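Structure first, then comments.
Every chain is numbered from 1, with letters handed out A, B, ... down the list of sequences. Quick caveat: nothing in here was measured; it's all calculated off a predicted structure.
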Number of protein chains: 2
Amino acid sequence: MESITTADAPAPTRGRPREFCPDAALSAALGVFWAKGYDGASMADLTAAMGITKPSLYAAFGNKEQLFHQALDRYEAEKLAYTREALKQPTARAVAEHFMRGAVAAQTSTCDPKGCMGVVSASACGAEGDSIKAHIMQRRQSSNAALVARFEQARQDGDLPSNLDPQALAYYLYAILQGMAVLATSGATRDDLDGVVSIALSMWPTS
Amino acid sequence: MESITTADAPAPTRGRPREFCPDAALSAALGVFWAKGYDGASMADLTAAMGITKPSLYAAFGNKEQLFHQALDRYEAEKLAYTREALKQPTARAVAEHFMRGAVAAQTSTCDPKGCMGVVSASACGAEGDSIKAHIMQRRQSSNAALVARFEQARQDGDLPSNLDPQALAYYLYAILQGMAVLATSGATRDDLDGVVSIALSMWPTS
DNA sequence: TCGATTCCATAACGACCGGTATATAATGAC
DNA sequence: GTCATTATATACCGGTCGTTATGGAATCGA
């Protein structure tokens, strides 16, 4: 009942040392969850990809759900870093462009699964996965709130038409982002999504 | 090894008559698949919703995968009828508006599950569900081809800017449609999606 | 009434699920 | 060396999965 997280500093070197790198194992687990979703990823899939046995997994990460949450944390920290960058862009249009370009890059990377882990996992969790769904929805709402605030500021800056509802514009942008994620998992190429982005940008509201 | 479909005309009235309506049972199964996806819907869920036992289900519909395909056929025939109407609209803008308004209505209906059955099921199928995924992707591609053809005609009609790529515009529209489906399953209200539609329409390219 | 036929209900099948008990191997502390 | 401690490896747990075998109930043509 201790040291579930991977970032426990003092390194208690007593007892047999573990033979795997928790960091690499968590990355492998992230790849499986990303590709298959929470329910679709079985413990056999996870242990095979991580290169460890089930008792090692349970000792290091708790259980399947806790492992998923740690993988989701890493996903947001590493693969969704562009969203935090995007909010800092100077104009509403630049914010949207950064969001969309970053999403396309993340969703069609050749060394990662296609699509968005949140979309895959939130759609693919049944029964007890309500905790998963609630967690993802909560993250989504906080991201949405930040984007709405950014668009409101943009409107005050004269950066967006004053008759445009920032909340609706945020939903519009999220719809495009998550729609591209669905398209990416369905086989759309990077060029396909770049076309979507360029069209969306060409229509972006001005002044 | 016969009469898997529900539409076998001659009604062989020999033997004990079945005690349930295959049509209503299929509708109930559709609701379960729509809400939970292919993998997420268990046979126990299905039989409970359909009000029949497992042997009856297997006798009438084959197996789980064949039942899903029949449910998907009905979904496309009934719930996606607006897409065929949309393609007949006179202008590209009217086509897009019909698509989006129909999608919002279908995805936020109070008497049906939220979201899009294709998005839910394609995201949520693991392992042997590749057949499911392939089927949905094939349907999506044929729909896409029809929409691209419609937009190409619109461009020839002078209904769209001549420098606009019809394929990219089709992907853009699909991204919005499927993105709204993801939002709908995540709790977005009908008003939220109406806002997305009105923004997308306000930006729609002219002449 | 008598098969023949078709459907319903119960129970069972093997396979896999997430999770764990048990035993063994490898280290540090003493 | 010896013990406590921690990790690994194997096997197993109860439960659920999709699927099916079995037996009884209901309708037909004869």
Side-chain angles (χ1 to χ4, degrees), chain A residues 1-4 6 8 10-25 29 32-33 36-71 121 124-132, chain B residues 1-4 6 8 10-22 24-25 29 32-33 36-71 124-132:
Chain A
M1 224 55 66
E2 81 295 19
S3 94
I4 292 301
T6 69
D8 40 6
T13 59
R14 204 164 51 185
R16 176 175 176 175
R18 62 158 51 102
E19 299 174 357
F20 66 95
C21 168
D23 221 58
V32 176
F33 281 128
K36 302 192 165 194
Y38 179 72
D39 281 345
S42 70
M43 294 301 295
D45 294 331
L46 292 165
T47 53
M50 300 165 83
I52 63 178
T53 59
K54 279 193 281 186
S56 296
L57 189 155
Y58 277 85
F61 300 101
N63 60 15
K64 185 185 179 183
E65 183 169 349
Q66 294 173 34
L67 173 62
F68 177 83
H69 281 110
Q70 295 174 55
S121 290
C125 69
E128 88 287 326
D130 285 340
S131 154
I132 305 293
Chain B
M1 224 57 65
E2 81 295 18
S3 94
I4 291 301
T6 69
D8 41 4
T13 60
R14 203 165 49 184
R16 175 175 173 175
R18 63 159 50 101
E19 298 175 356
F20 65 96
C21 168
V32 177
F33 281 128
K36 301 192 166 193
Y38 179 72
D39 281 345
S42 70
M43 295 299 294
D45 293 331
L46 292 165
T47 54
M50 301 165 83
I52 64 179
T53 59
K54 284 190 274 188
S56 297
L57 189 155
Y58 278 85
F61 301 102
N63 60 14
K64 186 185 178 182
E65 182 169 350
Q66 293 174 34
L67 173 62
F68 178 82
H69 281 110
Q70 294 173 56
C125 69
E128 88 288 325
D130 285 340
S131 154
I132 305 292

Which atoms of nucleotides 16-18 of chain D (N or O only) lie under 3.5 Å from a protein N or O atom, and what are those distances?
unit_1 : atom_1 : unit_2  : atom_2 : d
D/dG18 : OP1    : B/Ala41 : O      : 3.3
D/dG18 : OP1    : B/Lys64 : NZ     : 2.7
D/dG18 : OP2    : B/Met43 : N      : 2.6

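The two residues A/Ala41 and A/Lys36 have their closest heavy-atom pair at N-CB, 3.9 Å. In plain terms, the two heavy atoms of A/Thr53 and A/Thr47 that are nearest each other are C-CG2, 4.0 Å. The two residues B/Phe61 and B/Gln66 have their closest heavy-atom pair at O-CB, 3.4 Å. Across all their heavy atoms, A/Ser121 and A/Gly37 have their closest contact at OG-CA, 3.8 Å.
At C/dC8, none of the side-chain N or O atoms of B/Thr53 fall inside 4.0 Å of OP1 or OP2 (strictly under the cut-off). For C/dC8, the OP1/OP2 oxygens have a side-chain nitrogen or oxygen of B/Ser56 closer than 4.0 Å.
Atom CG of A/Leu57 is separated from atom P of C/dG18 by 11 Å (rounded to the nearest Å). Put simply, CE on A/Met50 is 15 Å from C1' on D/dA7, counting in whole angstrom units. The separation between A/Leu46 atom CG and C/dC16 atom P is 17 Å, rounded to whole Å. If you take CZ of A/Phe20 and P of D/dT6, they are 15 Å apart, rounded to a whole angstrom. Going from atom CZ of B/Phe61 over to atom C1' of D/dT19 covers 17 Å, rounded to whole Å.
Applying the side-chain hydrogen bond (donor to acceptor under 3.5 Å, both in side chains) rule to B/Ser42 yields the partners B/Asp45; only residues at least two apart in sequence or on another chain are considered.
In this structure, the side chains of A/Met50 and A/Leu67 come closer than 4.5 Å at one or more pairs of heavy atoms.
Both tests do not hold together for B/Lys64 against B/Phe33: distance to the six-membered ring centre under 6.0 Å, angle to the ring axis within 45°.
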- prompt: Along nucleotides 22-30 of chain C, 5' to 3', which nucleotides get a B, which get an S, and which get a -, given that the test is a protein heavy-atom distance under 4.0 Å?
  reply: ---BBBS--

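Rounding to the nearest 0.5 Å gives a distance of 8.0 Å between CG of A/Asn63 and CE of A/Met43.
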